[in-house]
Every structure is written in C-alpha cells, then in structure tokens.
Amino acid sequence: MVTSTVGFPCMGAKRELKVALEAFWKDALPEDGLRAVFAEVEAAGVAAAAAAGVRLIGVGDASLSGLMADTTSRLGLEAPRHAALPAGLGRYFAASRGTAGVTALDMSKWFGTNWHDLVPEIGVPSPSTAGGAGWGDLVARVRTAQQAVGVDRVVPIVLGPVTYASSCDLSGGATVASVVAAITPSYVEALRALAATGVPEVQMHEPTLVTSAAADARPVYEAAYKELATAGVGMHLVAPYDDLGESFEWAPRLPGVTAVGLDFTTGDNLGLLRKSKWPAGVRLGAGVVDGRSVWAEADAAAATLAAVRAAAGPGVDVAVQPSCTLAHLPLDLAAERKLPAELTARLAFALQKVDLLVKLAAASAEPPREGAALLGSSMDDTIAAAIDEALFSRPASFAERRPQQFTVPGGLGTMSIGSFPQTPAIRRLRAAFKAGRLPAADYTSALDAATVECVLLQRDTLGLDVLVHGELERTDMVEFFASKMHGYAATTAGWVRSVGSLCVRPPIVMGDVSRRDAPMTVREWRVAQDAAGPDVPVKGMLTGPGTLLAWSFPRKDIPRRAQALQLAAAVRAEVADLEAAGARIIQVDEPALREGLPLKRHAWDAALTAATRAFRLATCGAAAGTQIVTHICYSDWADAAVLAALDALDADVLTVENERSGGAALTALAEAGYARDLAPGVFDIHSDVVPAADTMRARVDAFLAAGLSPERLWVVPDCGQKTASPALAEASLTAMVSAATAARAACHKAAVTA
Ligand code: MET
Ligand SMILES: [Zn+2]
C-alpha cells in the first residue's frame, strides 16, 4: 500500500529555523545564512520520511513565514503598501512583521489549528500576477529533494488556488471567483514546471473543501481545476481538518484529480464513503494517522484503515497518510526524557507518526498498545449534568455590578493586556534555574524583584490606571498553568510553530485536571499589589478554560466540553483565591474562543455554548464588586453568533484586538449594541514600530464617535507585550497613555462647556 506524507514540521530538531529567523531580523545573519538553515531543516524532514520508508514524500509546506505568505510572493499579490518596497526578503517579512511606517497584514488561525498565517489584502477587484516572483523557489526545492531521495518519491505541496483566494481579505472588491480566475494561469505554469522535473503528482492542499463555504465555491473549483488539468500532471487533492460534507460527491471528481487525501480522524468521511461510490481511477488517501493529536492510537488507526478499505470496496487504490500536515505536532518523542513512561508508551510525535504510517501500510501492526483511556479519568459528559446551574451566573446583573467596580474618573482607563517583555535577563534566569544552576529561592527572589520593577514602571513612569504583575514567571500562558495542575504533562522539547518564529510547547492532558500548586497565581499577584500600594489596583491574570484546552493536546477519548468544564472548575477556584487575597480586577483570557470553532458552521452554536458555559463556570463565582475582564485576540467579527457569545460571557470588560483588523471588532460590537465595558486595542503589539500618540488618539476619538461613552471605554494595546523589547513596550505604552490622557481632557472640556 502506498504511503504518503502531506507536510512536516520545519523548525528543526533544535529550532534552528527559529534561531536563524530571529538572527536575520536582527541583522545578525545574512540572507544566504538563513536560506542555508531553511534548506537544512527541509532536507532533514525529507531524509527522515525517506529513511522511514515513506513512498511519496510531500515537499513544500516548509516556509519562512507560511504558505499564504509564500503563495502571495509567487503570485505577486502583495498589498500596495508592501508592493512598493524593494522585492526580496525585506518585503516578504514586511507583510508579516511590518516595517518602518508600513503596517503588517492581518493574521488568521489556519483552519482551526494553532498555526497562524497571513491574510493577504487583495486591494483591487481584478488582481494581476504580472509582478509575481513565480514558482522557481519551489521547483528548486523539489529538485534538491529529488537528488536526495529519488525523482519518483518527491511530491510538491502547493496551496490550492481556491483556498488561497478564500483566505484573503477581499474587501477591495474582488471575489473568490475573480481572484481564482486571475491566479489560475500562474498555477498552470507552476504545475508544468513541476511536471518537467518528473514528479509523480502534485499535492493541491484545499482545506476550504471541508468548510461550509465549499458548496458555494463548487463552480469556482470546477472552473479552476479544468484549467489546472491542462498542465497534464496528476493532482493529489488534500482536504484536511474535517470531513468533506456536501463536497464529498463532487470534489474527488474534479478534473485532473488522481488522488484525494481525506481526514478520517475527525468528522465523518467514513460515513460519507459508505454512502457513495468512489470515482474509478482516483487513489483514496486515507488520512487515518491524526496529524493534530499526540496520541499514537495505532490500533484505532489500523481499525479505521480497515474500515476505509472495506467501505471503498475492492477496486479502489487506498493509500495511508496523515490526516493533515504533521507540522502541528512536535518533532520527535525520543527527545523527551521526563514524560511518565505510561504516557510515552501511548504517544507519537511527527517522526513516530511517519513510522506508524509505514507500519500500517505494511499491515505489520505494532504490538497492540493501550489507548489513553487506561490512563484513567472520571471526565465524561455526566460532569455537565452534575454541576449546579446556579454556578453559571453572576450574583448580580452588570448594571448592579458596575457601580461596585473600579472606575477611572472621566473614563478611558488605561491598562495593558498582561504580559511585559520577557527580557534576556529573565530568560537567562529561567535557563539557569531549569538547568539547576540557580536555586529555586534565588530564582523566585530575582523574578519578584523584576516584578516589582515592572509594577513601578507602570505606576510611576507610564502612569497606567490598572497595573499587572507582568507575567514574567510564565513562559507561555497555557504551559504555565498546566505546570501547576494535576493531570497535565509538559514536554521539554515538544515545540510546535505557532506564528513566525514563535514556537509553543502545548501541554498534554493526561487525566483528571485539578490545581496541584494551589493557588497558582496569588503569590506573584500579591508581590505586585504590595509594590503598587493600596491606591492602584493590580489585575489578577488567568487563562480561561477554553484556551487552556485549545492550546493543549487534549485527550481524544473524552468529550472536549467535559475537559473544558474540569479546567473551568480549576480556574474558578483560582478566581476565588485571588479574590480572597484582595484582587478586585481579574482577567481571564480567552483568545482561543473564536478560533477554536468547528469548520462547519452548523456546529458553531453547540461549540459556542460549550465555550461560554466553561467561561461562565470559571468566572461567575466572582462577587459583584469583582471586575471580570476577558481578552480575545484576532477574530472574525462578522458573525452574529460569535458576537452573541461574547455578550454571553457576561464579562465586565471585554478587551479585543482591533488595530490590525482595521477597527472591525469595534464596529461589529458597537453595531451589535454591546453594552458592557469595551477595551479595543489601539496599537498592534506585533509591530516593531512605536505607535504614534496622535494615531491612537484618533482611534479613541473614533470609538467615542461610534457612540461609546468614555466611562465604558478602556484604552489598551491589542495583546500582551511579552515578545516586545522593553524599550518598545515602554515607548508604546507611554504614547498610549498620553493619547488617552489627551482624549480624556478633551471629553472633560466638552462636558464642561456643554
Ligand atoms: C494571546 S492573548 C495573551 C494574553 C496574555 N495575558 C498576555 O498578555 O500575554
Ligand atoms: Zn491576545
């Protein structure tokens, strides 16, 4: 049976690409140095797949910035402000990172995964690919891989034209159809050039096929693939992350398609396959190895594979492959030294999943391994029924609560989103502590001193109205809490790329989750509040249950909503401990709320209800006078159900990313009549450029003009500032406070003269 991979992690075993990217951005590594590291990590992935015995090795999803970014350069669809920059890596990175005076593009999570890619702005109704860089980079990489493992084993990975177009910002008047029509000729050229290298097929990744939008896009797919088929190379259509739904009937029959890779680890492709007849001559790529889960589940994969073969019938050529790229997984389980043995026995990271593919294809099933279930858990759906309904509501309405909560006279209160820069000094301290070179007591007192310094900076230098402790003790807002809970396992090298050069180590939910180091955050909060003194409030900072789960590897054998409620109970207990310690403002971050939604629209209501219930269980124990703040990052604000869910959180203050998406959040919330306190971000924390006070003042004025009263409005950054340099964070917040102060004075003057 043929085995095929459809993408592989590309940061390198020691995160070499991360290091190289960051050095390049700091001008400490020349371009050819960066390209050499990239080529090495890509070659290592190809070599690993070849050594494992994979027959068709996907090459091309490794990227310096993401497939959307790469495809944009190839097609020459840079936004005008970026197109004006000289061609090259400077322009390429300006799209994701901004550069002096030029803002970056918006980012979006990739089809429900934790990977972010660019949202290119197609500024005109009919774009042209005339200035594109073309596909020569991919052709060259394919040739390199062919030299290493043989021409017949290398399959180029291309982001399909319909998914590309559908993932762009089309507010400039273009439609998916017009963009696809404009870019298809370039794709045909790409396919011809790739075919000329001798590749057996080309993978066309089209995850939009599994979304609710696929039905409407059918004519666009049909027209595009008719043209693509003229290139004469077989196309392996890869549709990961859910089942094909209604497109199951037509997508495998698109012109030129000779293989279809489907995800059999989520959704119901198996049910769809049983009901329909698979087209003759099309290979069925059975994505039975879950590319988004660290659980090995060799037995389950073998059973699914057998079921797929049975459902497909005797005449169908079935191949084994991962459900999606393996780039959402850590690279190598063998690098883990500290995981409990009973857990390690049940896990597989990217390299192990590749081995598993080959074993499945050879039907030399591994010795049966126990599933996660044997790790034990009391979590199941009965947990939901067992919780008293009263625990999901605050004791008083917002109207009753708000007067009892903290208010800045004149409104327009300023605060940060929580994290302050993780400075090199702090990283060094942590490294020394983890390596055993720094005793715990010294580490703690050094961090406490840094926390006090951070608080005094906010109080005395910046003049913020609400302070934070700075999250200096946290490497990551999920990993930190996981490390303080029972039921969670942390990896030491399980890095997964999240955006740009940023990698995270998602912790693994092993079993019942509860606080181990209880309380988890009160000590640091108290250090900060003591430093701030009695007159200035310090926010307690927690990660919400939905985000804890979304950014972990959950158990696969337990319903997610049951896992979320158990996490919510732990957060609720922490809220109570912070309150008991004297915290009057507590922020519970839920940046994953929107991104965690299923790809099929019909499944949203249930998911949003589950997410809001978990958040409410976590926060509704707070007294009326305790101000519950929440924070959401990038989102798609257009959907009424999402806006209703944000309302249903019943948080006292909602902080939302706003700047990078051009005010979309605020407009949508204002139009929906959101009536509690709002804190739309006034500057993009991902940019290296200090935002101008005037620009931020204009944002605040626009918010006020949209009808928000200063008493309901807060002035905040778009997100946390842990990745900024201290100088950038300080300068940005200084400008932000002066913008807010000026706006406040103007409001005051207007009120006095009125
Ligand atoms: C991704 S949302 C981040 C929120 C967190 N409190 C921070 O400031 O970093
Ligand atoms: Zn955020």
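When a ligand or atom number is given, it counts from 1 through the structure's own listing order.
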Any protein N or O within less than 3.5 Å of an N or O in ligand 1? List each pair with its distance, or say none.
{"unit_1": "ligand 1", "atom_1": "6 (N)", "unit_2": "I417", "atom_2": "O", "d": "3.1"}
{"unit_1": "ligand 1", "atom_1": "6 (N)", "unit_2": "E471", "atom_2": "OE2", "d": "2.9"}
{"unit_1": "ligand 1", "atom_1": "6 (N)", "unit_2": "D589", "atom_2": "OD2", "d": "2.7"}
{"unit_1": "ligand 1", "atom_1": "8 (O)", "unit_2": "I417", "atom_2": "O", "d": "3.2"}
{"unit_1": "ligand 1", "atom_1": "8 (O)", "unit_2": "S419", "atom_2": "N", "d": "2.8"}
{"unit_1": "ligand 1", "atom_1": "8 (O)", "unit_2": "S419", "atom_2": "OG", "d": "3.1"}
{"unit_1": "ligand 1", "atom_1": "9 (O)", "unit_2": "S419", "atom_2": "OG", "d": "2.7"}

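- Figure legend: cation-pi geometry between R676 and Y674, with NZ or CZ positioned under 6.0 Å from the six-membered ring centre and within 45° of its axis.
- The backbone N or O of G463 lies less than 3.5 Å from no partner atom in the side chain of Q458, so there is not a single donor-acceptor pair.
- Under the 4.0 Å criterion applied to side-chain N and carboxylate O atoms, E473 and R430 are not assigned as salt-bridge partners.
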Extract all donor-acceptor atom pairs below 3.5 Å that involve side chains of residues 731-740 and protein atoms in other chains or at least two apart in sequence.
{"unit_1": "S732", "atom_1": "OG", "unit_2": "L728", "atom_2": "O", "d": "2.7"}
{"unit_1": "T734", "atom_1": "OG1", "unit_2": "E730", "atom_2": "O", "d": "2.7"}
{"unit_1": "S738", "atom_1": "OG", "unit_2": "A735", "atom_2": "O", "d": "3.1"}

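- A cation-pi geometry, defined here as NZ or CZ lying under 6.0 Å from the six-membered ring centre and within 45° of its normal, does not hold between R292 and Y241.
- The pair R505-D476 fails the salt-bridge criterion, with no side-chain N (NZ, NE, NH1 or NH2) lying under 4.0 Å from an Asp/Glu carboxylate O.
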